[in-house]
Each structure stands twice: as structure tokens, then as C-alpha cells.
Amino acid sequence: MVVQALKDQGVDTVFGYPGGAVLPIYDEIFQQNDIRHILVRHEQGAVHAAEGYARSTGKVGVALVTSGPGATNAVTGLTDALLDSIPILVLTGQVPTFMIGSDAFQEADTVGITRPCTKHNWLAKDTDTLAETLHQAFHVAQSGRPGPVLVDIPKDVQFANGTYTEPKKADTTIYQPQTKGDIEAINELVEAIAVAERPVFYTGGGVINSGPQASKLLRELVEATGIPITSTLMGLGAYPASGENWLGMLGMHGLYEANMAMHDCDLMINIGARFDDRITGLISAFSPGSKKAHIDIDPSSINKVIKADIPIVGDVTSVLTDLLKVFKAQGKRTNKAAIAKWQAQIADWRKVECLKYVQEGKTIKPQYALERLEALTKEHDRYITTEVGQHQMWAAQYLGFEDPNRWMTSGGLGTMGYGFPASIGVQMAHPDSLVINVAGEASWLMNMQEMGTAVQFRLPVKQFILNNERLGMVRQWQELLHGERYSHSWSEALPDFVKLAEAFGAKGILCSDPDDLDDAIMEMINYDGPVIFDCLVEKHENCFPMIPSGKPHNEMLLGEANTQGVIQAGGAVMV
Amino acid sequence: MSALKIKKGSTSHSAYNLRPTFSDEPETHTLAVLVDNEPGVLARVIGLFAGRGYNIESLTVAEVDHTGHMSRITVVTTGTPQVIEQIKAQLGRIVSVHAVHDLTVEGASVERELALFKVAGAGEKRVEALRLADIFRANAVDSTLESFIFELTGAPEKIDAFADLMRPLGLIEVARTGVAALSRGAE
Ligand SMILES: Cc1ncc(C[n+]2csc(CCOP(=O)(O)OP(=O)(O)O)c2C)c(N)n1
Ligand SMILES: [Mg+2]
């Protein structure tokens, strides 16, 4: 029944780990060949892999885990997917209905535990409605603002026979979010674009989630208006990094020109982003002089943090289609002279070269490693995942994304240990592509057990570890905020990554000399199989630019100077 | 590389604090939330309030449509206008929620609450309690030689007022149902 429902939903891959409470489903899986099951080494890995699969395909990713510890191990992945709006379905086994509530072996209140970290969840108590529930779960996961859903299936419900409901017959009226934007608000936005002198597009993960068409429309809109565009971490790739109006990423570690443009603009057009605190910095000083339009499919995102002057609730694809229609019908009006001046101002900000760094001596700078990785891989059919930390921010800054769905990173939750399993999910979906996880050594160790998965399923994922032997991002904050008292931010007793790779039957590459870097990267790319690339980098490099917590956009830190005590009491309480 | 000048001494606010941008006064609103009557739905609604730090002043819930499996949750909450707007939007996001009505802003409405008061005492106080109960049209639904239980229905303010009066007269215990509310008129 479960497998049939998955097949009918077009699922070809399930990431999972068996246990007593899901054995009937595993038995079904054993007896068919349409759905591939990828045996992970930890349930957290299964969920992140499903996320990677989902993010890189736009389809719903599926994970299957057992009751109790299997379900609790899935919680981090669910929360991650909730915060980044990734559509996944997690199926959990449960003790039989007649034992629920008795503290049975491997019983956990899975629906209770996961209620706040799913978009919706179900306890399937009846085999006759199980199929419909599963179809509804797919519907909820991918409609409106996408997110994780969970169906908890007691073992007796798995064993019993029941009537199957086809996807078409399932009742999806239970959830029908608004997708079409209010046309009056769209007209108002077109009017605002016509007169704006310093407009900027601020785009986010919502553009990616809306599907490839949304990115196409966005590109068309940017070219037609000549308005500069920046994006959140989650939205990279919706507009190409090589595009002439591209400002680079904004936010805490965003580019100088992007943050300055956000601060000084007179019209901010937010498309599918949510004014996260990594973006706004000090709220009371956030882009003080601008009119703000906010396009979002989730009404609760609007006016949550920043008051929108032109709120538009709707799906990005639908709203941009209407917006372009009206914009063209009204003669594509923009204030060209003013925008040219605005672009000149931006060009001045660019001259600051906020990403400049110096590569000298025999130590590899992490920025250099990423620049070389970019140069040597950008022509490839490439997908990038990351872990969380400095390396993640550097990857966002130094790698260029030309297309949507090519960049998988844990933004909202900031989950160390996300990148490796996510790369496995991506590689499953794109077997012939080059999939690289840009990692920090500490993050990578959090889910290193998945080397077993990569080797078993011959997934040639490349683990590009920027090894600074530090919890670099923590160390940076301690330098800036805690008087250089580096409390527990070393990576002690690190494994020999090359030997570790070999122990798993994979390839390990060690590189510590800038002169060897290109050859080593080429060796990694050309190796047909999983690789752990241990790139020893400068240990004390800080990630700049940086807007310290509690500061406005125009008070950005650019270089190594002036980093002492920059975060003051008010900002210190924030993360 | 030159570092940009940092202005020292500027006061910082938490990014999680909405006050700097929305400095409005808190308001009390009565929300009617129509939900599927299914296991866990109340936990979803309450969990939302707890998880996001919203206030619940009063909450009532009961099935109102047996065939349609619908329950009505009436929740009285306080917050700035932006927080109230957030609460409504967040409630609307819950898959099991069908509709959210803000009875405080959607035209006139009727709010009622039922309460039981146990008052113990003798002599003059006992007589006074009875007299006041009569003025408030509260019914005595239980009586012993030392005590009464009064039943009172009315707007929450009326219940509050009665409780204040009973306190010096020997009020021992109060049970309140919380607010039930409907908008006025045919709609
Ligand atoms: C699961 C989890 N635990 C703790 C943190 C806090 N944290 C953020 S970055 C970081 C250090 C990451 O170190 P590493 O992976 O080596 O990356 P680097 O910053 O050195 O590039 C830590 C501990 C987190 N984000 N996730
Ligand atoms: Mg590190």
C-alpha cells in the first residue's frame, strides 16, 4: 500500500533505515524494483539526503525510518526542512495502535514531537484511509509554501489490508493556499517601479521553490527593468551570478555593494524572501528610506518583521507573470536616468572590492581554494552543497551560481552535518553530475558515517573540506565578541582524512600547498568515485564582509582591522 | 584593506524584538478559529501560541458541527496590532484550520462566559451575597447552610465584577468556561 502510493506519486528514490516498526514496508520494498531504497547510516542522513534530492529536483524527497529512535533522529532534518521550506515526506513506523500509550518498546510520541517541526503531520490509524493520507501529505508538502510533512504509521496498519485510493481521488481541498497575487497591488508595484530612483530586487528561496519558470521570469524582469538584484543565501542561482545586474549575496556576510544598495534604496522589491535577521541586521535601521514591496506565498511572512507597503500574497511564478504583463502593457516604464545614476553609485561601491584577500606564502587561503574550485568546476554540470560555518559563507561568496536548484545549503537552521548527506541525495537525483560538498572539518564529522552510504551506492560525491582545524565561525565570534577567549573552538584529535577515506574504500586527497591545489582539484574531479579532499587552509582567517549582530547594513566590517569589541551588549545577546 | 568606520556607542536592539518598528499599544482580540475536529488539533493551536510566545487570555473549544467534524476554538489574546495580525496569519497556516475570524474587528459581536462561584459564609455576609447574586441575575445552583454555588452568564467584565464583589463575602472557588463569541447579525 505504502509503496504503491509512493510509486503513484512518481517517487523513484527513498532514503531510509529499517527497524522493527517498519518491517512490513521494507518487505514491500524488497518485492519490487521501481523504487530504489538508499540505506543511509543514520536517520538524520536520510532526511538531509531527501532534502538534497528535493532541493535539486523540485520534487518531494522521501525518507523512511522506524519508530522511537528512528523518528527522533529525523527531527533535526525535519526542522531544517521547515525553516528552509523544503518539500519532504518522512514516513515513520509506529508501535501497533493497540499498544500506543503503553510506553511500548521503541514507542515515542512521534506526531507530538514533530508537530512543531513539520508543516503538517498525521498518525495513520486506519489502513483504508492510509493511501489518501499519503497523497494528501504529498499535496501539502509541495503546495503553497513547501515544507516537511510526516506520516506516522503503526505496524498493525502496515500489516492490515485495506482499500487503496488513487492520487486523483484523494481529497486535496483540505489545503488550497492562495497563489494568485492581488492585481491592484501588482499595479501599484508597477507604478512604484516606474518612478523609483534607486530600486533593488531582494530575492530569496521562494523564487527557487516556485520552480524554474519563476527564475526565468525573474531574469526577464531584471533585464526589462535594469534594476539591480541581490539575493539571500537560499535564493542563489535564481538570477545568474554572471548577470550584469547581479550584486551578489546580501546579509550578515553579504557583499558590500548588495548591503549598501539595500540600505540606500528607495524601492525594495522582496520576491520570496522573509526578512530573516541574517538579512535585516538592526531592524530599526533597516533600509530606512525605502518603500517595500513584498511578494510571498505565505501571508504570515508579510509584516512579520518588516512592514510591507505593497504586500502581495501569491506564488512567485504567478505574480511575476502578472507583473510582467502589466509592466509591458504600460510601456515598460522606468526612471532610466535615475537608475543609471544608481548603477553608477553601485559601481563605486563595487570598487571597494569587499571580497579581496591576499594569497601569499605557503598556506592556502580558504578564499583561494574556493576561487580555484570555482574556476576548475564552473564549466561542469555542477551541484554544490555545504555544511555550516565560515566555509559555507565563503562558498556563497566565491562560487557563482548560474541556475536555480544547483545550491543546497542549510540556511534557516544552520545545521552542521547537513551538507554530506545532502550531497548524497543530490547525486542520487543527478547520477552523472559533479556533486561537491564544500565542508568544514568539524561539520563534516557530524555525519561522516554516510561515507558508507556513498561507497555502497557508488555515489561519486566530492567532499571538499576546508580544514582550518577550528570551529572557524565560532572562533571568529569569540575573537570579535569574547575577547579572543577561544573556548572549545578547536578541532582536536582530527582523523587523518586520507586514511579515513581509504578505510571506507574511497579516495583521499590531501593538499596543503597553494601550488599543488589545481592539480589536486583536478584529481578529485577526475576520480570516478567518492573523494574526501582534505584541504588544509589558513587557520585564523575571518569571514568578511560582516555585519555584526545588532548593526545596520551600512556599518559593515570589511577587513581584518577594527574587529575588537565590534559587537556591543545589545547585539551580543543575539546569535 | 581598509575597514569601514564603525560608529561606537549606538544602541543595539535585538533582531527578535519587533518593538522598534512597531511601537503600538497592545490590544485584546477575540478570535474564532474553525478547525477540523481531529486528534491533536487543539495541540497545534496551543502549540503555536506557546512556541511563538503569544498570549492566551481565554480559550474554549467544542465541536460545533458533528457531521462536518468541525470544532470552534474561541481564543482571547492580547498583542500589538502587528502581533495580532501575525497570530491570525500563523493560525491560518495550520492545515487543520479552515477559517480565522477576528470578532473584535469584523463588526459587532456577542461575547458570553459562564462561571460558577462557591461562596461560604454566615450571617450578614451570606445575606449580602444572595442579594448581590439577585442583582446580577446569578442562580444559586447548590446551597448548604454554610455555602452557595452561584451560576452566572455574561460578558467577561460582568463575571469579573461579580467575582470582585464576592471576594470579601467569602468567595472560595471560581470556575470559568472562557469566552464563547459570535458576530451579530444574519451573516
Ligand atoms: C549542529 C550544530 N551545532 C553547532 C552549531 C554552531 N556552529 C556554527 S558554525 C560552527 C563551526 C563549524 O566549524 P567547521 O565545520 O569546521 O566550519 P568552519 O567555520 O571552520 O569553516 C558551529 C559549531 C551549528 N551550526 N550546528
Ligand atoms: Mg573548520
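Throughout, a chain's letter reflects where its sequence line sits, starting with A, and its residues are numbered from 1.
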Is the shortest side-chain heavy-atom distance between A:His120 and B:Ser96 below 4.5 Å? yes
Between B:Gln90 and chain A, which part of the residue has a heavy atom less than 4.5 Å away: side chain, backbone, both or neither? both
What are the two closest heavy atoms between A:Ser300 and B:Gln86, and how far apart are they?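 Closest approach of A:Ser300 to B:Gln86, heavy atoms only: O-NE2, 2.6 Å.
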Could you tell me which non-hydrogen atom of B:Pro39 sits nearest to which non-hydrogen atom of A:Lys125, and how far apart they are? CG-NZ, 4.0 Å
Is there a side chain to side chain contact (heavy atoms under 4.5 Å, CB included) between B:Arg93 and A:Lys119? Walk through the geometry before answering. CA-CA 9 Å; B:Arg93 237 155 71 107; A:Lys119 183 174 172 187; over 6 Å; no
Measuring heavy-atom distances to chain B, does A:Asp298 have an atom under 4.5 Å in its side chain, in its backbone, in both, or in neither?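 A:Asp298 touches chain B through side-chain heavy atoms alone.
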Side chain, backbone, both or neither of A:Ile302 within contact of chain B (heavy atoms, under 4.5 Å): backbone
Looking at A:Val140, A:Ile174, A:Val358, A:Asn121, which makes the most heavy-atom pairs under 4.5 Å with chain B?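 Top count of heavy-atom pairs under 4.5 Å with chain B: A:Asn121.
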Can you tell me how far CZ of A:Arg115 sits from CG of B:Leu48, rounded to the nearest 0.5 angstrom?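 Between atom CG of B:Leu48 and atom CZ of A:Arg115 there are 12.5 Å.
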Within this structure, what is the CD-CH2 distance for the pair B:Glu38 and A:Trp122, rounded to the nearest 0.5 Å?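 Result: 9.5 Å between the selected atoms.
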Between A:Lys307 and B:Gln82, is a side chain to side chain contact (heavy atoms under 4.5 Å, CB included) present by the stated rule, with each step listed? CA-CA 9 Å; A:Lys307 187 122 190 71; B:Gln82 280 69 27; 4.1 Å; yes
